[in-house]
Amino acid sequence: MKLNEILNAVNIRDTKGNANPEITGIQIDSRHIKPGNMFVAVKGTQTDGHSYITKAIENGAVAIVCETIPENLNDKVTYIKVSDTEEAVGKLATTFYGDPTSKLDLIGVTGTNGKTTTATLLYETFRKFGYKTGLISTVCNYIDGEPIPTDHTTPDPITLNQLLGRMADEGCKYAFMEVSSHSIAQKRIGGLKFAGGIFTNITRDHLDYHKTFDNYLKAKKAFFDGLPKTAFALTNADDRNGMVMVQNTKAKTVTYSLRTLADFKGKVLEDGFEGMMMDINNREVNVQFIGHFNAYNLLAVYGAACLLGKSPEDVLVILSTLHPVSGRFEALRSPKGYTAIVDYAHTPDALVNVLDTIHEVLKGRGQIITVVGAGGNRDKGKRPLMAKESAKRSDKVIVTSDNPRFEEPQDIINDMLAGLTQEDNARVISIVDRKEAIRTACMLAKPGDVILVAGKGHENYQEIKGVKHHFDDKEVLEYIFENER
């Protein structure tokens, strides 16, 4: 594609050089530049792309998009000045990759908890309807049935448009995407056209990046503010910020709820560790999911599918066949007669939801043993809260290591233990080694008890000093169960 065709997507403040070369690709990382590429110098949180303009040109860049044009110019390169490269890169990538979201219906799911489950279940639902469908999620990206590994909840704008472009080229009619607060704040979704947006809930998270809860809320809200009037905005009416999210949206506002009047109204009629019976808009359905938080996720899936033109009866039939997402309230049965649940809960609110759900199903017929840690180099303020909520809702708690990253695991554990009262301490022990912590929980468990292993869910690694070591909570439990037989 010619340079001038790509530049039609952005407002140009100045240019140096009059060439109109064929652009072979767009990059924001100078190390990935190939001959004929455009380099967009983005000011990131860690580094400033303007510092790598020379390196990008050495690697073959023929066009540079920047906020400040360098003093020393290369006469073989065209320099384009824009006011905000972070905002421009998404629009440039969308144009280069053929405006993929004009060829498929893209639905974004945002919120603190439930994004992965909701997006994945929508992906699975529409595949069961017979459509080619794409998924962009924390666990894995998919182009119909083909897995594409992922490192971020929402990829950078270039990777994102490349992925969506492949989905469109391969005939995907729908794509479902987790939209993280980071991606909204960093304008990674700039240039994309959404056919709908779903809000799950919002609680404290990512304050290491956003600094305040208000900033975090505004980042989420900005997604709905940007939806076009042709889209729908499906929001959780039971969340106290549910209607705040959509108060300035141009999209059609639609609600779902378990507690109040809504367009999509649900109720849990029966629940157990095998699944639950729900009433959704006066129709009963048995699902293979556990807990009220999953009831909300299923309501969002039901609502979105109906809004995308599917009949309520057909949607309910498919909901009854769906299975839980890996690492999201995934229940395993021990030969000794206790249940272990692996869940990605890594915020205080997520822990409360999961533990309250276990209490609702257990009904006092057994004890709850919680294995929990907190990630390193992230929001330290939530650590004592996570320990406090775990102790409040468990009979025994084992505080352990999660992904310590570049922090000392014991320091993280100490931060968590600081949230406990003297009474709490009687129910809490700490074991730094996560495998030993899980093994200890299994040794303590009796028939009828429930172990919650929280924090890592689907992750199959533990990040220590910048290195990812293989570690899978589910694998550890399965190995322990094998030796219990």
Q. When the ring centroid of Phe329 is compared with that of Phe289, is the distance short of 6.0 Å?
A. no
Q.
Can you confirm whether the side chains of Tyr338 and Glu484 place a donor and an acceptor under 3.5 Å from each other?
A. yes
(Q) Could you check whether any side-chain heavy atom of Val301 comes within less than 4.5 Å of a side-chain heavy atom of Asn297, counting everything from C-beta outward? (A) no
Q | Within 6.0 angstrom of Lys229 NZ, more than 12 heavy atoms from elsewhere | A | no
Q) What are the two closest non-hydrogen atoms of Pro157 and Lys187, and how far apart are they? A) CG-O, 4.4 Å
Q: Run the salt-bridge test on Arg328 and Asp343 with the 4.0 Å N-O cut-off and return the result as yes or no.
A: no
Q. Does a donor on one side chain sit under 3.5 Å from an acceptor on the other, for Arg333 and Thr339?
A. yes
**Q.** is_close_aromatic(Phe126, Tyr174), centroid dist under 6.0 Å
**A.** yes
**Q.** side-chain contact (heavy atoms from CB on, under 4.5 Å) assessment of Thr235 paired with Phe224
**A.** CA-CA 10 Å; Thr235 190; Phe224 294 96; 5.9 Å; no
Q.
Quiz question: by atom type and distance under 3.5 Å, do the side chains of Asn286 and Glu270 form a donor-acceptor pair?
A. no
Q. Is Arg434 paired with Asp473 through a side-chain N to carboxylate O contact shorter than 4.0 Å?
A. yes
(Q) So, taking the atom named CZ in Arg427 and the one named CD1 in Ile398, what distance separates them when rounded to the nearest 0.5 Å? (A) 14.0 Å
Q. Hey, is the main chain of Val317 close enough, under 3.5 Å, to the side chain of Ser320 for a donor-acceptor pair?
A. yes
Q. Can you find a heavy atom in the side chain of Thr133 that is under 4.5 Å from one in the side chain of Lys173?
A. no
Q | Donor on one side chain, acceptor on other, Lys396 and Gln367, under 3.5 Å | A | yes
Q. What is the minimum heavy-atom distance between Val246 and Thr249, and which atoms define it?
A. O-CG2, 3.1 Å
Q | Close aromatic pair by centroid cut-off 6.0 Å: Phe223 and Phe194 | A | yes
Q. Can a salt bridge be assigned to the pair Glu170 and Arg166 using a cut-off of 4.0 Å between side-chain N and carboxylate O?
A. yes
Q. When you check the side-chain N and O atoms of His323 and Gln288, is any donor under 3.5 Å from an acceptor?
A. yes
Q | Flag if over 12 foreign heavy atoms under 6.0 Å of NZ, Lys388 | A | no
Q. Is the distance between the ring centroids of Tyr123 and Tyr131 under 6.0 Å?
A. no
Q. Could you walk me through whether Leu298 and Met276 pass the side-chain contact (heavy atoms from CB on, under 4.5 Å) check?
A. CA-CA 11 Å; Leu298 291 165; Met276 58 187 168; 4.2 Å; yes
**Q.** pair Leu122-Ile198: side-chain heavy atoms closer than 4.5 Å
**A.** yes
Q. So how far is it from Asp239 CG to Asn113 CG, rounded to the nearest 0.5 Å?
A. 10.0 Å
(Q) I need the minimum non-hydrogen distance between Pro155 and Asn141, along with the two atoms involved. (A) CG-ND2, 4.5 Å
**Q.** Option passing side chain to side chain donor-acceptor pair (under 3.5 Å) with Tyr296 (candidates Asp238, Asn353, Asn236)
**A.** Asp238
Q | Nearest-0.5 Å distance that lies between atom CD1 in Ile341 and atom NZ in Lys474 | A | 13.0 Å
(Q) Testing the basics here: between Pro335 and Phe481, what is the closest heavy-atom pair and its distance to 0.1 Å? (A) CG-O, 3.5 Å
Q. Is the closest side-chain donor-acceptor distance between Glu178 and Thr116 under 3.5 Å?
A. yes
Q.
Between Arg259 (side chain only) and Ala237 (backbone N and O only), is there a donor and an acceptor less than 3.5 Å apart?
A. no
Q) So, Ser257 and Lys265: side-chain donor and acceptor under 3.5 Å apart, yes or no? A) no
Q. Checking Lys456 against Tyr461: charged group under 6.0 Å from the ring centre and within 45 degrees of the axis?
A. yes
Q | pair Tyr97-Leu164: side-chain heavy atoms closer than 4.5 Å | A | no
Q. So Gln186 and Glu86, side-chain contact (heavy atoms from CB on, under 4.5 Å) or not? Walk me through it.
A. CA-CA 7 Å; Gln186 294 168 9; Glu86 191 174 57; 3.7 Å; yes
Q: Please test Ile369 against Leu452 for side-chain contact (heavy atoms from CB on, under 4.5 Å), starting from the C-alpha separation and ending with a verdict.
A: CA-CA 6 Å; Ile369 304 167; Leu452 170 63; over 6 Å; no
Q: Report the distance from atom CG of Leu444 to atom CD1 of Ile451, rounding to the nearest 0.5 Å.
A: 8.0 Å
Q. Is there a donor-acceptor pair under 3.5 Å between the side chain of Ser181 and the backbone N or O of Ala219?
A. no
Q. Are Glu436 and Arg439 close enough for a salt bridge, meaning some N to O gap below 4.0 Å?
A. yes
Q. Could you state the interatomic distance from OH (Tyr256) to CG (Leu307), rounded to the nearest 0.5 Å?
A. 12.0 Å
(Q) On a heavy-atom basis, which atom in Cys442 and which in Leu477 lie closest, and how many Å separate them? (A) SG-CD2, 3.8 Å
(Q) Contact between Tyr216 and Thr112 at the side-chain level, heavy atoms closer than 4.5 Å - yes or no? (A) yes
**Q.** Polar side chain donor-acceptor pair, Ser137 to Tyr142, under 3.5 angstrom
**A.** no
Q. Would you call Lys382 and Thr347 a side-chain contact if the rule is heavy atoms closer than 4.5 Å?
A. yes
Q. Can you name the nearest heavy-atom pair linking Cys172 to Gly134, along with the distance?
A. SG-N, 3.9 Å
Q. Does a donor on one side chain sit under 3.5 Å from an acceptor on the other, for Lys221 and Asn248?
A. yes
Q.
Are there over 12 heavy-atom neighbours, none belonging to Arg485, within less than 6.0 Å of that residue's CZ?
A. yes
(Q) Test your reading of the model: is there a side-chain donor-acceptor pair from Thr118 to the backbone of Lys115, 3.5 Å cut-off? (A) no
Q: Apply salt bridge (charged side-chain N to carboxylate O under 4.0 Å, His left out) to Lys91 and Glu87, showing your working.
A: CA-CA 7 Å; Lys91 296 175 182 178; Glu87 183 175 353; 3.4 Å; yes
Q: Verify, without hydrogens or angle tests, whether Ser183 (side chain) and Ser180 (backbone) share a donor-acceptor contact under 3.5 angstrom.
A: yes
Q: Give a yes-or-no answer on whether the side chains of Asp99 and Thr94 include a donor-acceptor pair shorter than 3.5 Å.
A: no
Q. Do Thr255 and Asp263 have side-chain N/O donor and acceptor atoms under 3.5 Å apart?
A. yes
Q. Looking just at side-chain N and O atoms, do His458 and Glu330 make a donor-acceptor pair shorter than 3.5 Å?
A. no
Q: Taking only Lys NZ, Arg NE, NH1 and NH2, and the carboxylate oxygens of Asp or Glu, determine whether Asp214 and Lys218 approach each other closer than 4.0 Å.
A: yes
Q | Distance, nearest 0.5 Å, that separates CD1 of Ile290 from CD of Glu360 | A | 11.5 Å
Q.
Any non-hydrogen side-chain atom of Ile480 less than 4.5 Å from a side-chain atom of Met443?
A. no
(Q) Counting only heavy atoms from other residues, nucleotides and ligands, does the tally under 6.0 Å from NZ of Lys267 exceed 12? (A) no
Q. Side chains of Pro100 and Asn161: closer than 4.5 Å at any heavy-atom pair?
A. yes
Q | Under 3.5 Å: donor-acceptor pair, side chain of Asp314, backbone of Lys310 | A | no
